[in-house]
Amino acid sequence: MGLNIQYLKVVKAIREKAVRLNDYGNLDELFNAIGDARYVLLGEATHGTSEFYNIRAEISKKLIEEKGFSFVAVEGDWPSCYMVNRYCKGLDEEKKDIVTLLKNNFKRWPTWMWANKEVLSFAEWLKKHNESAKKKVGFYGIDMYSLFESMEEIIRYLESIGSEEVEVAKMAFSCFQPFEKNEHDYAMTTAYLSESCEQEVLKLLLDIQSKKEAIATDDEASLSLELNALVAANAELYYRSMVKGGTETWNIRDTHMVETIEKLTDFHGSDSKVIVWEHNTHIGDASATDMAEEGMVNVGQLMREKHGSDVFAVGFGTYQGTVIAGPSWGAPLEVMEVPPASRGSWEEVIHRAGQYDQIILPNLLQSSLFDTIAGHRAIGVVYEPALEHFGNYVPTNLAKRYDSFIFIDSTTALKPL
């Protein structure tokens with residue numbers, strides 16, 4: 001964007017019209033803007049920032065209490081999040097400790113994404129809310145990394161109820177046993193030997209979809225059984241495509257997440273309303289970024305194309321602070337410094353307008369001033385602060401990517417359990 005007239009006009013407009021986010025009481029104007037939207041997508045600029053989790057939680061509480069939203073769908077694996085869902089809905093007869101539950105069920109790296117104090121606090125609130133609610137609000141994972149966990153969960157459940165369908169599941173799972181629960185070994189084998197377990201998992205999915213009502217002991221169990229089978233089928237495709245490179249793997253994953261959201265929406269009824277927690281790169285419309293040039297789609301784009309104005313996407317950003325991430329995939333987590341945002345980035349522009357937290361609402365965001373391309377910071381689970389200027393900024397048209405934008409000037413690291 002550079003230091004030019006457009007830059008100065010944007011700074012001036014933000015300074016005059018953005019809403020200061022002094023406390024959570026300032027969320028009312030955002031709620032007025034959300035209106036009757038049925039799908040509210042709440043982003044984050046990192047996977048390790050405390051403020052992003054806490055503000056999403058506060059927005060979600062308000063949506064649940066005042067607008068009757070039905071469930072929260074997060075960027076987490078189905079089996080792990082389903083255990084949190086059962087806890088929040090009081091579906092397990094034995095009383096479980098939420099701290100232990102989060103620690104035991106989120107063991108896949110990066111563990112801190114959902115096994116943290118911020119999620120713990122929201123889960124406790126949701127459980128208490130559900131104790132007196134007419135319709136219990138769910139908490140579900142819509143990601144698809146849990147190939148082996150989902151297969152094992154299917155077998156465990158079918159065995160627990162004595163279903164004959166367990167043999168179909170065991171046959172499908174036996175195809176994967178030579179790879180000893182290593183998805184990458186499976187992916188490499190399919191690439192070089194042209195042998196896969198595709199037909200086995202597809203047969204399992206179709207079998208469960210056709211018989212789920214007869215098999216499962218209750219509606220939630222039926223839903224979980226089907227979605228674990230869907231994860232197994234789509235994860236098999238995902239890992240098989242991973243060795244090819246390109247954009248196909250990304251598109252398989254985000255398409256799966258949309259398919260899962262749709263199934264959850266159907267499950268909760270025609271009047272259900274959905275809250276989604278995911279990274280900005282998933283909920284912010286990909287067609288408003290350079291992702292489109294690479295043929296990539298994402299949840300935000302696909303949801304908008306299908307549901308139009310029923311979708312309201314809120315992006316998040318920060319100027320500087322601390323964050324939890326790993327220096328490489330699978331490495332121990334670290335609290336890292338987030339350096340001041342790059343000159344001319346959206347984050348730097350907003351910071352220059354005012355060194356405080358603020359909300360840019362649709363009436364300002366959708367103006368022609370924001371209808372331009374500038375860098376927008378995205379930090380994943382792997383991060384190297386010293387190199388962020390070379391790969392952590394996504395060229396973005398902010399006006400087209402989101403419906404509203406929440407900016408936290410200085411952020412702090414997530415608090416893992």
Side-chain angles (χ1 to χ4, degrees), residues 24-25 27-28 30-42 53-76 78-99 101-102 105 114 118-142 157 161 212-228 257-278 303 307 309-312 314:
Y24 298 139
L27 294 172
D28 287 343
L30 176 64
F31 275 75
N32 291 336
I34 290 172
D36 296 326
R38 187 181 179 191
Y39 305 89
V40 176
L41 317 182
L42 303 176
Y53 279 71
N54 284 332
I55 293 172
R56 289 191 305 192
E58 291 304 315
I59 293 171
S60 299
K61 291 174 188 177
K62 199 170 175 69
L63 288 171
I64 290 166
E65 289 182 327
E66 299 181 14
K67 292 181 180 284
F69 272 68
S70 312
F71 63 91
V72 180
V74 307
E75 190 181 337
W78 175 268
S80 303
C81 293
Y82 183 65
M83 296 304 295
V84 179
N85 173 68
R86 292 189 68 84
Y87 169 84
C88 293
K89 288 188 171 181
L91 295 175
D92 289 317
E93 293 182 4
E94 56 182 284
K95 292 185 178 180
K96 293 185 176 179
D97 169 37
I98 183 60
V99 176
L101 188 151
L102 290 173
N105 283 281
W114 302 112
E118 290 80 356
V119 169
L120 183 152
S121 177
F122 180 72
E124 290 179 328
W125 177 89
L126 189 56
K127 180 176 178 62
K128 186 174 182 180
H129 168 85
N130 282 337
E131 288 172 356
S132 59
K134 291 182 179 179
K135 288 188 177 181
K136 297 184 187 298
V137 177
F139 184 94
Y140 303 102
I142 58 174
Y157 178 74
I161 62 172
K212 61 180 181 178
E213 283 82 7
I215 296 173
T217 53
D218 60 69
D219 289 343
E220 285 275 351
S222 174
L223 173 70
S224 184
L225 188 62
E226 179 182 13
L227 285 177
N228 272 315
M257 291 194 283
V258 170
E259 185 177 2
T260 304
I261 291 169
E262 297 291 353
K263 286 188 177 296
L264 288 168
T265 305
D266 291 343
F267 174 80
H268 286 84
S270 58
D271 61 345
S272 59
K273 296 180 179 180
V274 185
I275 303 166
V276 177
W277 291 7
E278 291 193 285
M303 293 296 288
H307 300 289
S309 60
D310 263 348
V311 178
F312 192 96
V314 183

Pairwise side-chain contact, Leu264 with Ile142, heavy-atom cut-off 4.5 Å (strictly under): yes
Spatial distance of atom OG1 (Thr260) from atom OH (Tyr140) [nearest 0.5 Å]: 12.5 Å
Residue pair Met303 / Glu262, side-chain heavy-atom distance below 4.5 Å: yes
Side-chain (Lys89) to main-chain (Asn130) donor-acceptor, under 3.5 angstrom: no
Neighbour count >12 (heavy atoms, 6.0 Å) for atom CG, Asp97: yes
Sidechain-backbone polar pair: Tyr82 side chain, Glu220 backbone, donor-acceptor under 3.5 Å: yes
Under-4.0 Å salt bridge between Lys61 and Glu58: yes
Gap separating the CG atom of Asp219 from the NE2 atom of His268, nearest 0.5 angstrom: 10.5 Å
Rounded distance (nearest 0.5 Å) linking atom CG of Leu225 with atom CD1 of Ile161: 7.5 Å
Parallel, tilted or perpendicular: rings of Trp277 and Tyr53 (30°, 60°): perpendicular
Derivation and outcome, side-chain contact (heavy atoms from CB on, under 4.5 Å), residues Leu126 and Val84: CA-CA 10 Å; Leu126 189 56; Val84 179; over 6 Å; no
Expected output: side-chain Arg38 to main-chain Val274 donor-acceptor under 3.5 Å: no
Pairwise side-chain contact, Phe71 with Thr265, heavy-atom cut-off 4.5 Å (strictly under): yes
Audit row: Phe31, Val40, side-chain contact (heavy atoms from CB on, under 4.5 Å) steps and yes/no: CA-CA 11 Å; Phe31 275 75; Val40 176; over 6 Å; no
Separation between NZ of Lys62 and CG of Asp28, rounded to the nearest 0.5 Å: 4.5 Å
Donor-acceptor pair, side chain of Lys273 and main chain of Lys67, under 3.5 angstrom: yes
Pairwise side-chain contact, Ile275 with Ile59, heavy-atom cut-off 4.5 Å (strictly under): no
Exercise: identify the closest heavy-atom pair between Ala57 and Phe122: CB-CD1, 3.8 Å
Donor-acceptor contact below 3.5 Å, side chain Ser272 vs main chain Gly269: yes
Trp114 and Phe139 aromatic ring geometry - parallel, tilted or perpendicular at 30°/60° bounds: perpendicular
Where Ala37 and Ser309 come nearest, the two heavy atoms and their spacing: CB-O, 4.5 Å
Sub-4.5 Å side-chain heavy-atom contact between Leu63 and Ile34: yes
Approximate separation, where rounding is to 0.5 Å, of Glu131 CD and Cys88 SG: 10.5 Å
Check against side-chain contact (heavy atoms from CB on, under 4.5 Å), Leu227 and Phe267: CA-CA 11 Å; Leu227 285 177; Phe267 174 80; over 6 Å; no
Gap separating the NZ atom of Lys135 from the CZ atom of Phe69, nearest 0.5 angstrom: 13.5 Å
Ser224 backbone acceptor or donor facing Asn228 side chain under 3.5 Å: yes
Heavy-atom closest pair, residues Gly141 and Cys81: N-CB, 3.2 Å
